[in-house]
2 protein chains.
Amino acid sequence: MGNDARIGANAFAGSEPDQDGHGDPDDLRGSWSDAHADFLSSLSEEETAGLLKIARRVELKPRGQLFRAGDRSNDVFIVADGCIRLFQVSSTGKETILWFSFPGEIFGIAELWSGSDREIYAEANEATRVYSIRRSDFAEFLGTHPEVSMRAIGILSARVRTLGHAMVGLATDNVETRIARLLLRFAAVSSVRPCDDTGDGAEHELCVNVRLTHQDVANLIGASRQTVTSTLTVLRKRGTLRAVNQHFHIIQPERLRRALELGAA
Amino acid sequence: MGNDARIGANAFAGSEPDQDGHGDPDDLRGSWSDAHADFLSSLSEEETAGLLKIARRVELKPRGQLFRAGDRSNDVFIVADGCIRLFQVSSTGKETILWFSFPGEIFGIAELWSGSDREIYAEANEATRVYSIRRSDFAEFLGTHPEVSMRAIGILSARVRTLGHAMVGLATDNVETRIARLLLRFAAVSSVRPCDDTGDGAEHELCVNVRLTHQDVANLIGASRQTVTSTLTVLRKRGTLRAVNQHFHIIQPERLRRALELGAA
DNA sequence: CAAGATTTGTCGGCTGGCCGACATAGGGGG
DNA sequence: CCCCCTATGTCGGCCAGCCGACAAATCTTG
């Protein structure tokens, strides 16, 4: 079953040559409940094929917009590769990033049911390919594949839990804690793609494999850009983080994790 | 269909004499997406009967605990009457209330899929009756009732959206705004039961029909108890709120709503 | 109905993090 | 290769909201 999953993902992601070998360590599976649950991987080969048939390919440049608040919700999307930023904008112009969707993840389902307008924005965080499925087609697919409905429920559940955690953090933790937690979460979730950093003794490090500006981090944890900058500097000086290419590595994941468990569970 | 819904809810709520006449105004249906979507009302008579058959009745005293973080997630619950508070506790002992579940609403589904342990606490906010359905039974029920699966998806979606709103608010709004928004939300959602206040010209007022201590409000919006107290006092002095029995009335809902739309959408 | 427990109300001191303002530093396109 | 636009880093002033500490009011329960 775990193998079917891989095949499913491959079928969808298409013609990646390096695809077979992205060895995400199994221990990350443990944090599953925190991830937004790779939808594609959970499907069987036939199911994936069925979805492929009704999907339409969409290519997005970096910063390309997929939909915005107020749009009619006509489609459900699945990330093939790249990554999509989902955010809301308050009337003061402040963005709040709700989550990122990584390869295999589905998004736009929350609007599926009510058929109401979008309430959030979806933008490509980098060059990204997504598959677009018409709402009605997807609904029909769910109707004829009860198993898949269950998966959808599972995914939405995971998202509810993630948002719950985020809320608790926002309400009780200080900025440093929130950043630490965020990085750990993203490390787990962004491990779907391999890190390009050929280890210089970096085997025990945890890679946060997403390009995140300080502003992004700020919008994710509800803090100001400046505070994020200075907090990250502190963490780097303290030897917790290391900047690699365009992203971060967490030097001693275990130490950080333990610190968080003590500081706030 | 709207009528079937009512019947369904009645069948479940059981032997309430005053049940038929709880005339919730139709205009509140508009804020559907914000509510946690009355699960029972959305079921047909047969579906409700089917659920009843596999459900077990549970009675809870005020403050009675239904489950706690760490418990095995063996059941899914539906509120018959009363109301349930769902919250998380950080290691510092601070509670964060995620949401309240009102009659007809289902909760505990988020844990259903992963079968993992509970991450949250569920307590009765007052004397409450809930129906408890074994996880496996409910999963089977969903499998044999695709329609109901879709409803479940809709409900989880609504919850995702609600949490999203809450997060944005937490990240961008000040305490006064958050309280105002909370009260409007609860007014909509708590209108499932009638207000006991026989109007003394209170027809245009909006009733927030839940017993909420200031501490509860604080835990809901991520603020301190003291700040909530003083903010509520300000709102009362300004003529926005009125205390009735154990709950609040919003004097001029429209005015408040407009103020919020301007202040932060 | 009295006593304990919970909730509400109020004050002042303190501070984490916001905001504005600026100086660099990259880095991608022409 | 240079220019411009975006991202990073740093500083100081300022204030919303936190916290501790109490008193009054209200509710619950024997």
Side-chain angles (χ1 to χ4, degrees), chain A residues 61-64 85 90 92-97 123-127 169-180 182 208 210-238 241-248 263-264, chain B residues 61-64 85 90 92-97 123-127 169-180 182 208 210-238 241-248 263-264:
Chain A
K61 293 196 232 312
R63 310 221 142 260
R85 179 180 37 208
S90 79
T92 56
K94 201 163 179 176
E95 288 185 11
T96 302
I97 301 180
E123 265 187 27
N125 198 48
E126 49 189 82
L170 214 45
T172 64
D173 301 332
N174 63 11
V175 170
E176 185 178 322
T177 309
R178 276 181 274 162
I179 288 186
L182 179 80
V208 184
V210 210
R211 178 93 180 56
L212 286 174
T213 69
H214 294 182
Q215 187 64 61
D216 286 337
V217 175
N219 295 343
L220 275 159
I221 64 166
S224 72
R225 201 268 313 163
Q226 293 94 317
T227 307
V228 170
T229 297
S230 59
T231 306
L232 282 177
T233 307
V234 169
L235 289 178
R236 222 176 318 122
K237 278 183 183 151
R238 203 186 294 161
L241 290 182
R242 191 165 72 87
V244 173
N245 295 340
Q246 296 290 340
H247 62 273
F248 277 111
Chain B
K61 292 198 233 307
R63 308 221 143 262
R85 179 182 35 210
S90 80
T92 55
K94 201 164 179 176
E95 289 187 9
T96 302
I97 301 180
E123 264 187 28
N125 198 48
E126 49 189 85
L170 214 46
T172 64
D173 299 333
N174 63 11
V175 170
E176 184 179 322
T177 309
R178 277 182 273 163
I179 289 186
L182 178 79
V208 184
V210 210
R211 178 98 185 40
L212 287 173
T213 68
H214 294 181
Q215 188 64 61
D216 287 336
V217 175
N219 294 344
L220 275 159
I221 64 167
S224 72
R225 202 269 310 164
Q226 294 94 318
T227 307
V228 169
T229 298
S230 58
T231 305
L232 282 178
T233 307
V234 169
L235 288 177
R236 223 177 317 121
K237 279 185 183 150
R238 203 187 292 162
L241 291 180
R242 192 165 72 88
V244 173
N245 295 339
Q246 296 288 343
H247 61 275
F248 278 112

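Chain A is the first sequence line, chain B the second, and so forth, proteins listed ahead of strands; every chain is numbered from 1.
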Would you mind telling me which of D:dA16, D:dT10, C:dT8 lies closest to the side-chain atoms of B:Asn174? D:dA16
Which nucleotide wins on minimum distance to the side chain of B:Arg63, given the candidates C:dT7, C:dG27, D:dG17? C:dT7
If the cut-off is 4.0 Å, is A:Thr227 near the phosphate of C:dG17, judged by side-chain N/O to OP1 or OP2? no
If you measure from the Lys or Arg side-chain nitrogens to the Asp or Glu carboxylate oxygens, is any gap between A:Glu95 and A:Arg85 under 4.0 Å? no
Under-4.0 Å side-chain N/O to phosphate OP1/OP2 contact, B:Arg236 with C:dG9: yes
What is the minimum heavy-atom distance between A:Thr172 and B:Lys94, and which atoms define it? CG2-CD, 3.7 Å
With heavy atoms under 4.0 Å as the rule, sort A:Thr213 into base, sugar-phosphate or nothing. sugar-phosphate
For A:Arg225 and B:Lys237, find the nucleotide of DNA chain C closest to each by heavy atoms; which residue's nucleotide sits nearer the 5' end? B:Lys237
Nucleotide of D:dC19, D:dT8, D:dC18 approaching B:Ser224 most closely (side-chain heavy atoms): D:dC18
Among B:His247, B:Gln246, B:Glu126, which residue meets the side chain to side chain donor-acceptor pair (under 3.5 Å) test with B:Arg211? B:Gln246
Nucleotide D:dT8, atom P - distance to CG of A:Leu235 in whole Å: 15 Å
If you assign each of A:Gln246 and A:Ala223 to its closest nucleotide in DNA chain C, which residue comes earlier from the 5' end? A:Ala223
In A:Val175, A:Ile97, A:Thr231, A:Leu182, the residue satisfying side chain to side chain contact (heavy atoms under 4.5 Å, CB included) with A:Val217 is A:Leu182
Would you say the side chain of A:Gln226 and the base of C:dG17 hold a donor-acceptor pair, judged only by whether the two atoms sit under 3.5 Å apart? no
Give A:Thr233 one of three labels, base, sugar-phosphate or nothing, depending on what nucleic acid heavy atoms sit under 4.0 Å from its own. sugar-phosphate
Rounded to the nearest angstrom, tell me the gap between atom CG in B:Leu212 and atom P in C:dT7. 12 Å
